Visitor: 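Sharing a structure here in structure tokens format.
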Number of protein chains: 2
Amino acid sequence: MVANEKLPHPEREDIELTAVLFALSDEARLALVQQLKEGPMDMANCSALDPNAPKSTRSHQVKVLREAGVIISELHGRNRRLTLRRDDIDARFPGLLESVLQEESALQE
Amino acid sequence: MVANEKLPHPEREDIELTAVLFALSDEARLALVQQLKEGPMDMANCSALDPNAPKSTRSHQVKVLREAGVIISELHGRNRRLTLRRDDIDARFPGLLESVLQEESALQE
DNA sequence: ACCATGGTTCGATAATAGTTGAACTGTTTG
DNA sequence: CAAACAGTTCAACTATTATCGAACCATGGT
């Protein structure tokens, strides 16, 4: 039972490849996904989301990933806990996440 | 020896993941890449490039894929022969193309 | 109940991307 | 060499995305 799911997430079968690719085609969003491969994180702790940026900007980046079906964003205390939808993406597009997550350059430069 | 290479193509090591993902995040461009997995094709014969669209539009779509390093566009007679850079993409991002090319939906709907 | 925290939403503006016609380039064919 | 063909480039326009401040909303702590 997932707590308080107010923000819409696409069902697995509604996840579209082009939307996923687009969501991942941004350095910042890709870096965030890289960070989430280790496990769920609270949004406030994600260093990949520039802490200097306004929160509306951070919220927007997360929204794009969420609406594409790449991550789940659920209420957890007063934070948002972000979880990579690894199973769903793997089921829809086998091998895609693995190949993207291998790449380290997004975090380095 | 490749014939008459006037248009710039990035070197293998300069191909960026985000640029590739972005190039593939468009239905039309993805469909073109799907079509090219069978082998090189002349631009004029690619049904994935809407034949009703103006040629400047088709040229633009090809340009995005070329500049991202996804395809090679070389002069071949009075056509452009398009070739998927499978080896280069595989070398840079192993598994990525395979996972994207498995997906059929782009050609179907 | 109040306040601080962490985030969302809205609306405006800036930046980036796509579309297209017209003019131009290179190549084949007559 | 001229016309036709295939495509590129340019410039103007449209459309989509991103950024950001301000107002708002829910939760946790006191």
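Every chain is numbered from 1 and lettered A, B, ... according to where its sequence line falls, protein lines coming before strand lines. Just so you know, these numbers use all the heavy atoms, side chains as well, and skip hydrogens, waters and symmetry mates. Quick caveat: nothing in here was measured; it's all calculated off a predicted structure.
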Visitor: For A:R29, which contact category applies under a 4.0 Å heavy-atom criterion: base, sugar-phosphate, or nothing?
Guide: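 Sugar-phosphate, backbone atoms only, no base.
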
Visitor: D:dA4 P sits how many Å from B:K55 NZ, rounded?
Guide: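 Distance, rounded to whole Å: 13 Å.
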
Visitor: Could you give the distance from CG (A:L75) to CZ (A:R80), rounded to the nearest 0.5 Å?
Guide: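 It comes to 4.5 Å.
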
Visitor: Closest to the B:M43 side chain: D:dT8, D:dG21, C:dA4?
Guide: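 It is D:dT8.
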
Visitor: Whole angstrom is fine here: how far is it from CD in B:E74 over to P in C:dG26?
Guide: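 About 18 Å, once rounded to whole Å.
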
Visitor: Counting C-beta onward and ignoring hydrogens, is there a side-chain heavy-atom pair between A:T57 and A:D50 closer than 4.5 Å?
Guide: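 No, side chains not in contact.
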
Visitor: Can you tell me how far P of D:dG7 sits from CZ of B:R81, to the nearest Å?
Guide: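 Going from CZ in B:R81 over to P in D:dG7 covers 12 Å.
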
Visitor: Enter the inter-axis angle for the ends of the helix from C:dA1-D:dT30 to C:dG30-D:dC1 (five pairs per end, rounded to 10°).
Guide: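 One end's axis against the other's: 30°.
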
Visitor: Of the nucleotides C:dG18, D:dT17, D:dT8, which has the atom closest to the B:V64 side chain?
Guide: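 The listed nucleotide nearest to B:V64's side chain is C:dG18.
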
Visitor: Between A:F22 and A:G77, just flag the one whose closest nucleotide in DNA chain D comes earlier from the 5' side.
Guide: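 On the 5' side of the pair lies A:F22.
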
Visitor: Could you tell me the separation between the CG atom of B:N52 and the P atom of C:dT20, rounded to a whole number of Å?
Guide: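 Atom CG in B:N52 sits about 11 Å away from atom P in C:dT20.
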
Visitor: Tell me the interatomic distance from B:L75, atom CG, to D:dA6, atom P, rounded to whole angstroms.
Guide: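 Going from CG in B:L75 over to P in D:dA6 covers 13 Å.
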
Visitor: With B:D88 as reference, evaluate B:R92, B:R86, B:R85 under the side chain to side chain contact (heavy atoms under 4.5 Å, CB included) test and give the passing residue.
Guide: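 Answer after filtering B:R92, B:R86, B:R85: B:R85.
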
Visitor: Counting only side-chain heavy atoms from C-beta out, which of C:dG6, D:dT17, D:dG21 sits nearest to A:S56?
Guide: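 Selected nucleotide: D:dG21.
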
Visitor: It should be established whether A:R80 places a side-chain nitrogen or oxygen under 4.0 Å from OP1 or OP2 of nucleotide C:dT8.
Guide: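 Checking C:dT8 against A:R80, a side-chain N or O does come within under 4.0 Å of OP1 or OP2.
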
Visitor: Between C:dG18, C:dG26, D:dT17, which nucleotide has the shortest distance from any of its atoms to the side chain of B:R78?
Guide: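 Out of C:dG18, C:dG26, D:dT17, the nucleotide with an atom closest to B:R78's side chain is C:dG26.
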
Visitor: C:dT20 phosphate, OP1 or OP2: any side-chain N/O from B:T57 under 4.0 angstrom?
Guide: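 Answer yes for this pair, as a side-chain N or O of B:T57 is under 4.0 Å from OP1 or OP2.
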
Visitor: Under 4.0 Å from OP1 or OP2 of C:dG7: is there any side-chain N or O of A:S59 that close?
Guide: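 False: A:S59 side-chain N/O out of range (4.0 Å or more) of C:dG7 OP1/OP2.
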
Visitor: Could you tell me whether the side chain of B:S25 and the main chain of B:F22 form a donor-acceptor pair under 3.5 Å?
Guide: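 Present.
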
Visitor: Could you tell me the separation between the CE atom of B:M43 and the CD1 atom of B:I71, rounded to the nearest 0.5 Å?
Guide: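 Going from CE on B:M43 over to CD1 on B:I71, the span is 8.5 Å.
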
Visitor: A side-chain contact here means heavy atoms from C-beta on lying under 4.5 Å apart; do B:H9 and B:S73 qualify?
Guide: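 Yes, close enough: below the 4.5 Å cut-off.
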
Visitor: Think A:Q61 has a side-chain N or O under 4.0 angstrom from the OP1 or OP2 of D:dT19?
Guide: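 Yes, A:Q61 has a side-chain N/O under 4.0 Å of OP1/OP2 on D:dT19.
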
Visitor: Just the rounded figure in Å: distance from C1' of C:dT20 to NZ of B:K63.
Guide: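 Rounded to the whole Å, the gap is 14 Å.
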
Visitor: Just how far, in rounded Å, is P of D:dT16 from CG of A:D26?
Guide: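 For the pair A:D26 CG and D:dT16 P, the rounded distance is 19 Å.
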
Visitor: Can you tell me the distance, in whole Å, between the CD atom of B:E67 and the C1' atom of C:dT16?
Guide: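 Rounded to the whole Å, the gap is 14 Å.
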
Visitor: Nearest of D:dG21, D:dA18, D:dT9 to any side-chain atom of A:H60?
Guide: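 Out of D:dG21, D:dA18, D:dT9, the nucleotide with an atom closest to A:H60's side chain is D:dA18.
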
Visitor: Check whether any side-chain heavy atom of B:D26 sits under 4.5 Å from a side-chain heavy atom of A:T18, and report yes or no.
Guide: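 No, their side chains stay 4.5 Å or more apart.
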
Visitor: Using a cut-off of 6.0 Å, state whether more than 12 heavy atoms not belonging to B:E67 lie near its atom CD.
Guide: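 It does: B:E67 CD has more than 12 such atoms within range.
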
Visitor: Considering only side-chain heavy atoms of A:L7, which listed nucleotide, C:dG7, C:dT9, C:dT20, is closest?
Guide: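 Of the options given, the side chain of A:L7 lies nearest C:dT9.
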
